[in-house]
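In what follows, chains carry the letters A, B, and so on, assigned in the order in which the sequence lines appear, proteins first and then strands, with residues in each chain numbered from 1.
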2 protein chains.
Amino acid sequence: MDPVGFETHDHAHCMASALAKAEEECAEKGLQLTPVRRRVLEILLEQHRALGAYDVLEHLRAEKLGSQPPVAYRALDFLVSHGFAHRIERLNAFIACSHPGERHAPCFLICRECSAVVEAPGRQAAQALREAAAQLGFGVERVAIEAEGLCPACGPAA
Amino acid sequence: MDPVGFETHDHAHCMASALAKAEEECAEKGLQLTPVRRRVLEILLEQHRALGAYDVLEHLRAEKLGSQPPVAYRALDFLVSHGFAHRIERLNAFIACSHPGERHAPCFLICRECSAVVEAPGRQAAQALREAAAQLGFGVERVAIEAEGLCPACGPAA
DNA sequence: TTGTGTATGTTACATTGTAACGATAAACAA
DNA sequence: TTGTTTATCGTTACAATGTAACATACACAA
């Protein structure tokens with residue numbers, strides 16, 4: 001799994017590929033990637049950072065695709081519940097998934113300086129969490145693993 | 001470390017002991033456990049569950065200890081920043097720390113049925129997170145590890 | 001056609017969180 | 001004592017985030 005780190009990357013390509021992946025998966029599973037849902041995913045991919053629901057809504061308004069909060073929340077819920085986007089609890093914000101299609105336990109690194117958010121491989125952390133929970137008889141269904149700190153560009157090295 | 005699981009326990013004792021611990025630590029470190037801060041900690045301990053800031057505020061209002069949101073948020077911020085309480089991002093809520101004084105990476109199990117929240121040992125999950133972050137050159141300062149699922153009482157066994 | 005289900009549109013409101021500014025109180029030096 | 005500093009507290013006013021409820025539109029099957 002490519003960690004999609006803090007380095008620069010071919011953004012146009014990553015967008016197009018994520019969008020194609022989403023379309024493919026929706027076709028497969030009979031999910032409806034409606035214009036609003038598709039556009040919200042595009043917005044998240046374009047921005048390539050965590051956006052609040054109201055940030056997304058502003059874009060939708062500007063494009064006459066919807067003007068009220070529920071429109072944005074519904075589209076975001078759809079994207080999140082099918083794994084095309086993730087919710088960052090810490091920020092009350094949403095971000096496009098970096099690895100659509102792959103089963104993965106998301107795990108986010110949030111830079112407190114530049115607000116960059118990166119999705120890191122979280123398999124091991126999630127597994128450790130499941131084990132700790134199992135010890136207490138707790139059955140984990142969903143996890144939210146988030147770290148706040150300094151990204152390479154903002155860190156002590158910089 | 002006693003996991004303080006989902007079992008029943010001597011609540012009066014756990015409250016008194018946590019409060020004593022907080023007083024001791026504040027005395028040591030020169031922190032001021034003022035009446036409002038102390039009372040908010042007591043409220044969290046009494047309830048023994050995650051409370052929203054406005055829930056706490058209601059108690060404060062009833063007791064004439066403060067009536068406006070900032071009063072509750074300040075006290076909660078104090079408690080959180082000194083490790084006497086934790087914020088549950090997922091719930092926008094706060095809970096008294098189950099292990100005051102001990103250095104620990106908090107990790108929370110949230111039951112989606114009964115809303116119980118339990119603090120589980122999260123050392124390993126936090127460590128895994130730190131390692132994954134280090135791979136990307138990210139320096140972790142704070143972590144939020146939260147799991148949603150079913151507690152033993154609400155689970156398939158029940 | 002008539003239902004049925006899904007998605008959308010909209011209103012109105014609930015909940016959560018903060019900036020800003022002044023008042024108060026304790027600690028301490030001049 | 002007086003002035004100064006610092007932390008805490010009180011309050012207003014508002015910003016930001018999220019949802020319940022109900023109406024509408026459209027596709028597709030019975």
Side-chain angles (χ1 to χ4, degrees), chain A residues 22-23 26-27 29-41 43-44 49-82 84-95 112 115 144 146 148, chain B residues 22 26-27 29-41 43-44 50-82 84-95 110 112 115 117 144 146 148:
Chain A
E23 284 179 342
C26 285
K29 300 188 180 170
L31 303 174
Q32 303 197 39
L33 192 60
T34 64
V36 176
R37 291 170 177 176
R38 187 195 152 98
R39 185 62 193 125
V40 169
L41 178 54
I43 290 166
L44 291 180
R49 60 194 176 92
L51 290 183
Y54 280 71
D55 294 329
V56 170
L57 184 55
E58 259 180 44
H59 286 264
L60 294 181
R61 274 195 181 123
E63 303 171 20
K64 311 285 184 198
L65 272 172
S67 62
Q68 301 303 324
V71 174
Y73 280 103
R74 285 169 186 156
L76 289 166
D77 285 349
F78 171 86
L79 295 174
V80 168
S81 68
H82 294 99
F84 303 126
H86 300 291
R87 180 186 170 91
I88 314 290
E89 300 292 343
R90 176 100 197 183
L91 303 177
N92 292 338
F94 301 83
I95 195 166
R112 69 166 155 80
S115 300
E146 303 175 4
E148 188 176 315
Chain B
C26 285
K29 299 189 182 171
L31 303 173
Q32 303 198 38
L33 191 60
T34 64
V36 175
R37 291 170 178 177
R38 188 196 152 99
R39 186 63 192 123
V40 169
L41 178 53
I43 290 165
L44 292 180
L51 290 183
Y54 280 71
D55 294 329
V56 170
L57 184 55
E58 259 179 44
H59 285 264
L60 294 181
R61 274 195 181 124
E63 304 171 20
K64 311 287 184 197
L65 272 172
S67 62
Q68 301 303 325
V71 174
Y73 280 103
R74 285 168 185 159
L76 289 165
D77 285 348
F78 171 86
L79 295 174
V80 168
S81 68
H82 293 98
F84 303 125
H86 301 291
R87 179 185 171 92
I88 315 291
E89 301 292 343
R90 176 100 197 181
L91 303 177
N92 292 337
F94 301 83
I95 194 166
I110 306 164
R112 67 167 156 81
S115 300
V117 176
E146 303 175 3
E148 188 177 315

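In this structure, CZ of B:Arg37 is placed 7 Å from C1' of D:dT8, rounded to the nearest angstrom. For the pair A:Glu89 CD and D:dG18 C1', the interatomic distance rounds to 13 Å; values are reported in whole Å. Straight-line distance from the CZ atom of A:Phe78 to the P atom of C:dA7: 7 Å, rounded to whole Å. Here C:dA27 presents its C1' atom at 10 Å from CD of B:Gln32, a figure rounded to the nearest Å. When the P atom of D:dA16 is taken as reference, atom CZ of A:Arg90 falls 19 Å away, rounded to whole Å. The distance from atom CZ of B:Arg61 to atom C1' of D:dC9 is 16 Å, rounded to the nearest whole Å.
Going from atom CG of B:Leu57 over to atom CD of B:Gln68 covers 7.5 Å, rounded to the nearest 0.5 Å. In this structure, CG in B:Leu91 is found 11.0 Å from CG in B:Leu51, a value given to the nearest 0.5 Å. In this structure, NE2 in A:His82 is found 11.0 Å from CG in A:Asp77, a value given to the nearest 0.5 Å.
Between B:Arg87 and B:Asn92 the shortest side-chain heavy-atom distance falls below 4.5 Å. Using a 4.5 Å heavy-atom threshold, the side chains of A:Phe78 and A:Leu31 count as touching.
In this structure a side-chain-to-backbone donor-acceptor pair under 3.5 Å is present from A:Arg37 to A:Gln32. Judged by distance alone, with hydrogens and angles left aside, the side-chain atoms of B:Glu146 form a donor-acceptor pair with the main-chain N or O of B:Glu89 at under 3.5 Å.
The shortest non-hydrogen separation linking A:Leu79 to A:Leu41 is CD1-N, 3.7 Å.
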Original post:
How does protein reach along nucleotides 24-30 of chain D, written 5' to 3' as B (base within reach of a heavy atom under 4.0 Å), S (only sugar-phosphate), or - (no contact)?
Top reply: -------

Subject >> Sugar-phosphate or base contact per nucleotide [nucleotides 9-21 of chain C; S, B, -; heavy atom under 4.0 Å] >> reply: BBB----BBBBB-

